[in-house]
Amino acid sequence: MSGQNLFKTKYIEKLAYKVVNGDLSSYYEKKSDHTKDDLLVNENIQIDEKVNLKTMEIFGDTGFENSRIFFEAYKSLTPEQASDPRLWTYLTHVTFRKYMQKKRLPKTKEKKQAAQFILQHWFVYPLNAKNLLRNDISLLWWGLYITYDPDKSNPYELTKELFSMQDYTRHFQGSLGRNRIFVHAFLEFVIENKDIFSKFKEDKVRFLMRKSNQVGGYRNLSCLSKQEVKQTLSNYKEDLKKNKGR
Amino acid sequence: MKISKISLPHPVLGLRDDIEGVFSIESHIVVGSENVEISIGYTLKNDTLSGLVDENKAILVMDTNCANTFYRNAFKFKNKKKTFVIPVEYLRDKVEVSFFIIAETTIENYRPLGINLDYGEKSFFVSSGDVLAYGGSGSFIVEKNWKRLKKLSSFMVIEKGDWKHGPAKYDLSGDRIIIRLSDEDYERTKDYQNIPNIPNLFHSGIIYPALLYAISTMFSEKTFQGVNKWADYLEETIDNDLELKDLDKEDSENWPIMAQRILDNPLNRTLSSIGLIIENMSEEELT
């Protein structure tokens, strides 16, 4: 077992600069072109497993399984370590390069969009919650971290729901997404009301998040129990049934 | 949750002149290598709210929020003085704290003493979790190596650009402010950096304009805070500086003052350095 390699910030800034200026050629190369001088080692992170990610899809069942596989290997990370852009940029560019090349090379020929696509999925640049859920390897760790519930008979039930729809990761980038009780209550509400969400799920989830943000303006949702949050969401059941979320 | 600029469906102590009274917080924050300790004391002057707190129908809350680690925790408390401890492994960079009094239960016919006359005879229905008083917000930075925080290099760096000659360019899109110099200028900077008194000239000629640009962009566009680390560091530095914290951030006249203060008066240091360079020159060189 050895310490975890990280890219130096200076190297990441160089990489990002190249991408922003439209030079994406290195992303099609088999290997990253970094040198030893571009690396740091964090001895506090010791990972002893070789992780094989499935490349079928980023979200859905494959995403969920990948999240479990990845988190299992990297479960010793603290949230502070797991919010280090130097770690995630190294993992996307080196350790999981093949996975990233299979799933996350831009299909557009429009240079600006292609650069943006690479920046969003291969980097955490700059560091913020939004970018942590956009980097495809960081997403696997954080997706599980914010949804894992040890009190459930299936502690991964909410993780599975999160990965069922990419939209969730957009909704949970904001301050409500940092509220663990809210996230759990929200996902549980969707699972427990399958009939309501069987059609137009994305629209309805979006509607419910919009309403939650409105309520969060005057009620401190962080202080409510899971049951109380679900009760608040239940107030919109009739609207959801009438497809008002559309 | 930040509520200072919106109107809530019921009156809130601490928001404009909704209710007469005081709800204020004094906090002392110590960022250690293992834990962050937040010690709090509060003043509450409003009989209705004090009564609700005493009867456990309302409670004080410190809402703590760190976007970079998806950390959010609402600490509830009643004691006049309280210390909360958060392990640093849950935090990175900017941590925001806000203080509230919230309802712990449904309160029908809520009509606090000192309510603004504009509300007339109205009373309000308040649910559990609804905000009754707002005690303000603040933030602090968690940086494991606190000495690094004081260093300019923690949020600003000079790099070599990929052009031979020409003006410097500033890049604000990442976690640090990047000053890119032309190949020629970068090499010259490197050559001169170890010569006594020269680095002070860099502060005026290279760093100050970049910092001024960053500060003016950040306060005029308001899209960098909470997104780019350099902006959070700068705002934190300004908020904690005795000479800067009360300056209006939206007044562009204050931006050069902020940049100069952060760099510890670069113009003065530059002139002093020029003085020293002149002192060391021979008479022949001076004529």
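In what follows, every chain begins at residue 1, and chains take the letters A, B, ... in the order their sequences are listed. What you are looking at is a predicted structure, and each value in this text was computed from that prediction instead of being measured.
- Applying a 4.5 Å heavy-atom cutoff, the residues of residues 134-143 of chain A that approach chain B are A/Trp142.
- For the pair A/Asn220/B/Phe100, a side-chain contact is recorded, criterion being any heavy-atom separation below 4.5 Å from C-beta on.
- For A/Lys226, the NZ atom counts as densely surrounded, since its 6.0 Å shell holds more than 12 non-hydrogen atoms of other residues, nucleotides or ligands.
- Interface remark: B/Ile102 contributes side-chain atoms only to the contact with chain A (heavy atom separation under 4.5 Å).
- For A/Arg178 and B/Tyr71, the positive end is not near the middle of the six-membered ring at less than 6.0 Å and at most 45° from its axis.
- The salt bridge (Lys or Arg N to Asp or Glu O under 4.0 Å) test applied to A/Glu110 returns no partner, not counting sequence neighbours.
- A/Ser222 OG to B/Lys76 NZ: the interatomic distance, rounded to the nearest 0.5 Å, is 10.0 Å.
- Heavy-atom neighbours of B/Glu34 CD from other residues, nucleotides or ligands within 6.0 Å: at or below the threshold of 12.
- Heavy-atom pairs under 4.5 Å with chain A were tallied for B/His10, B/Arg176, B/Glu104, B/Glu159; the largest tally goes to B/Arg176.
- Options B/Val157, B/Asp171, B/Asp162, B/Leu91 differ in how many heavy-atom pairs under 4.5 Å they form with chain A, and the most are formed by B/Asp162.
- Heavy-atom minimum distance, B/Arg72 versus A/Ser175: NH1-O, 3.2 Å.
- For B/Lys222, the salt bridge (Lys or Arg N to Asp or Glu O under 4.0 Å) partners at least two apart in sequence or on another chain are B/Glu250.
- For NZ of B/Lys78, the number of neighbouring non-hydrogen atoms (other residues, nucleotides, ligands) closer than 6.0 Å is greater than 12.
- Around atom CD of B/Glu184, more than 12 heavy atoms belonging to other residues, nucleotides or ligands sit under 6.0 Å away.
- Contacts between A/Asp84 and chain B at a heavy-atom distance below 4.5 Å involve backbone atoms as well as side-chain atoms.
- In terms of heavy-atom proximity, B/Asn68 sits nearest to A/Asn128 at OD1-CA, 3.4 Å.
- In the model, B/Thr69 has no side-chain atom that pairs as donor or acceptor with a side-chain atom of A/Glu80 under 3.5 Å.
- With a 4.5 angstrom heavy-atom cutoff, A/Phe182 does not touch chain B via any of its atoms.
- In this structure a side-chain-to-backbone donor-acceptor pair under 3.5 Å is missing from A/Arg219 to B/Gly129.
- At most 12 non-hydrogen atoms from other residues, nucleotides or ligands lie less than 6.0 angstrom from NZ of B/Lys57.
- The shortest heavy-atom contact between B/Ala74 and A/Cys223 is CB-SG, 3.7 Å.
- Side-chain atoms of B/Asp175 come within 3.5 Å of backbone N or O of A/Leu127 as a donor-acceptor pair.
- Within 6.0 Å of NZ on A/Lys152 lie more than 12 heavy atoms contributed by other residues, nucleotides or ligands.
- Of the inter-residue distances, the one linking B/Glu89 atom CD with A/Asn44 atom CG reads 11.0 Å to the nearest 0.5 angstrom.
- If you measure heavy-atom distances from B/Val61 to chain A, the contacts under 4.5 Å come from the side chain alone.
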Checklist line | side-chain contact (heavy atoms from CB on, under 4.5 Å) between A/Val183 and B/Phe70, intermediate numbers included | finding: CA-CA 11 Å; A/Val183 170; B/Phe70 290 86; over 6 Å; no
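- For B/Tyr90, the parts lying under 4.5 angstrom from a heavy atom of chain A are both the backbone and the side chain.
- In this structure, A/Gln81 CD and B/Arg92 CZ are separated by 9.0 Å, a value rounded to the nearest 0.5 Å.
- Residues that satisfy the salt bridge (Lys or Arg N to Asp or Glu O under 4.0 Å) test with A/Asp38, not counting sequence neighbours, are absent from this structure.
- Both the backbone and the side chain of A/Lys10 come within contact range of chain B, each with at least one heavy atom under 4.5 Å from a heavy atom of that chain.
- In this structure, the portion of A/Glu228 lying under 4.5 Å from any heavy atom of chain B is its side chain and not its backbone.
- Only the side chain of B/Asp93 comes within contact range of chain A, judged by heavy atoms closer than 4.5 Å.
- A/Pro126 and B/Ser173 get closest at one heavy-atom pair: CD-O, 3.4 Å.
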